[in-house]
Amino acid sequence: MRRLVGIHAVAAALRSAPETRAPLDRLVVSKGARNPRLQPLVEECRQLGIPVRFEPRSAVRRLAGADAHQDVVALSASAQYETLDSLFECAGAQSTVVVLDSVQDPRNLGAIIRTADGAGAAAAVIPERRSAQLSAAAAKAAAGALEALPVVRVKNIGRAMEQLKEADFWLYGFDAQAEGAYDEVEYADRCALVLGGERSGLREKVAQRCDFLLRIPLAGTVSSLNVSVAAGVALFEICRQRRESR
């Protein structure tokens with residue numbers, strides 16, 4: 001079972017409930033909760049035939065696995081991943097994909113999914129191993145975007161990159177030691193941003209498969225940005241370029 005924690009995540013799941021890949025099984029709300037934003041969720045669940053249960057706040061906290069739950073948790077079927085083939089079928093002539101190599105913090109994964117959806121990306125790609133998966137923590141950080149942005153899970157990230165190239169995607173890897181700056185390159189209509197893990201960044205074999213290696217210049221004392229922040233900077237640079245080209 002997958003847990004959706006908080007008002008934003010539950011509301012997004014309800015918006016997509018009639019056609020969702022992972023329909024809600026039930027909604028659990030804290031007894032006596034007074035947040036006015038909860039009542040519309042309760043009413044919509046009842047209209048959709050989704051069971052609603054009112055439990056003590058302590059029980060909701062245990063179910064959420066955290067103190068910050070906004071008095072609501074939804075349970076749904078396990079998250080389903082998309083395939084590269086389905087991505088290629090849906091990708092347009094102008095598409096952006098985020099490829100994540102060894103991003104292991106589910107909160108970073110969720111934040112990247114949220115930002116990618118906000119920037120109009122087509123999908124995120126993650127490996128089966130050495131990577132955060134679509135857990136409750138990732139869903140919470142995604143704040144509802146998990147219901148909108150396809151997440152492709154692959155056995156081999158290197159092979160997936162080659163398949164993206166075969167589908168006319170250009171690969172832009174982000175490395176703090178790269179020579180080129182992220183805002184000095186013109187991004188292709190079909191592009192994939194490749195970002196590495198929290199500790200060591202891009203692995204060497206992954207970096208070698210990229211068409212370009214870029215860095216985000218920093219003016220302060222830190223040597224690199226959090227991967228979710230870096231993803232946001234790069235994604236919205238692409239948005240800026242495409243907006244100006246129009």
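Among all heavy-atom pairs drawn from Leu214 and Ala181, the shortest one is CD2-O, 3.9 Å. Counting all heavy atoms, side chain and backbone alike, Leu4 lies closest to Val10 at O-CG2, 3.6 Å. The shortest heavy-atom contact between Leu235 and Ala116 is CD1-CA, 3.7 Å. Here the shortest heavy-atom pairing between Ala141 and Arg114 reads O-CD, 3.8 Å. Closest approach of Ala176 to Ser224, counting heavy atoms only: CB-CB, 4.4 Å. The nearest pair of heavy atoms linking Val152 to Leu84 is CG1-N, 3.7 Å.
Here Glu186 contributes atom CD and Ser245 contributes atom OG; the two are 8.0 Å apart, rounded to the nearest 0.5 Å. With rounding to the nearest 0.5 angstrom, the CD atom of Glu179 is 10.5 Å from the CD atom of Gln177. Annotation: the span from Ser131 atom OG to Asp105 atom CG amounts to 11.0 Å, rounded to 0.5 Å. Expressed to the nearest 0.5 Å, how far CG of Leu100 lies from CG of Leu109 amounts to 6.5 Å. Taking CG of Leu202 as the reference point, atom SG of Cys210 lies at 6.0 Å (rounded to 0.5 Å).
Here Phe212 pairs with Tyr172 under the ring-ring contact (aromatic ring centres under 6.0 Å, His included) rule; sequence neighbours left out. Qualifying side chain to side chain donor-acceptor pair (under 3.5 Å) partners for Asn226, counting only residues two or more places apart in sequence or in other chains: Asn108, Ser228. When the side-chain contact (heavy atoms from CB on, under 4.5 Å) test is applied to Asn156, the partners found at least two apart in sequence or on another chain are Arg159. The side chain to side chain donor-acceptor pair (under 3.5 Å) check on Arg153 picks up Gln133, with sequence neighbours excluded. Residues satisfying the side-chain contact (heavy atoms from CB on, under 4.5 Å) test with Ala124, not counting sequence neighbours, are Leu149.
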For residues 35-48, dump all side-chain donor-acceptor pairs below 3.5 Å to protein atoms at least two apart in sequence or in another chain.
from	atom 1	to	atom 2	distance (Å)
Asn35	OD1	Arg37	N	3.0
Gln39	NE2	Glu43	OE2	3.4

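No side-chain heavy atom of Val103 sits less than 4.5 Å from a side-chain heavy atom of Ile126. Contact check for Leu63 versus Leu75: side-chain heavy atoms found under the 4.5 Å cut-off. The closest side-chain heavy-atom distance from Leu193 to Ile238 is below 4.5 Å. Under the 4.5 Å side-chain criterion, counting only non-hydrogen atoms from C-beta, Val229 is not in contact with Ile216.
Among pairs with a residue in residues 91-116, none fulfils ring-ring contact (aromatic ring centres under 6.0 Å, His included), at least two apart in sequence or across chains. Residue pairs meeting the salt bridge (charged side-chain N to carboxylate O under 4.0 Å, His left out) criterion with at least one partner in residues 115-135, sequence neighbours excluded, are Glu128-Lys155. Within the structure, ring-ring contact (aromatic ring centres under 6.0 Å, His included) pairs that include any residue of residues 87-145 do not occur (at least two apart or interchain). Under the salt bridge (charged side-chain N to carboxylate O under 4.0 Å, His left out) criterion, the residue pairs touching residues 216-244 are Glu237-Arg240, Arg240-Glu244, with sequence neighbours excluded. Listed by first then second residue, pairs satisfying salt bridge (charged side-chain N to carboxylate O under 4.0 Å, His left out) with a partner in residues 194-220 read Asp101-Arg203, Glu162-Arg209, Lys165-Asp211, not counting sequence neighbours. Listed by first then second residue, pairs satisfying salt bridge (charged side-chain N to carboxylate O under 4.0 Å, His left out) with a partner in residues 49-62 read Arg57-Asp71, Arg61-Asp67, not counting sequence neighbours.
For the pair Gln241 (side chain) and Tyr187 (backbone), a donor-acceptor distance under 3.5 Å is present.
Tracing side-chain contacts under 4.5 Å through hydrophobic residues (I, L, V, M, F, W, Y), one reaches Val151 starting from Ile112; they form part of the same cluster. Hydrophobic clustering, with ILVMFWY side chains joined whenever heavy atoms are under 4.5 angstrom apart, keeps Ile113 apart from Leu87.
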- Task: Decide side-chain contact (heavy atoms from CB on, under 4.5 Å) for Val99 and Leu171; before the verdict, give the C-alpha distance in whole Å, the side-chain angles of both, and the deciding distance to 0.1 Å.
- Result: CA-CA 9 Å; Val99 178; Leu171 307 185; 5.7 Å; no
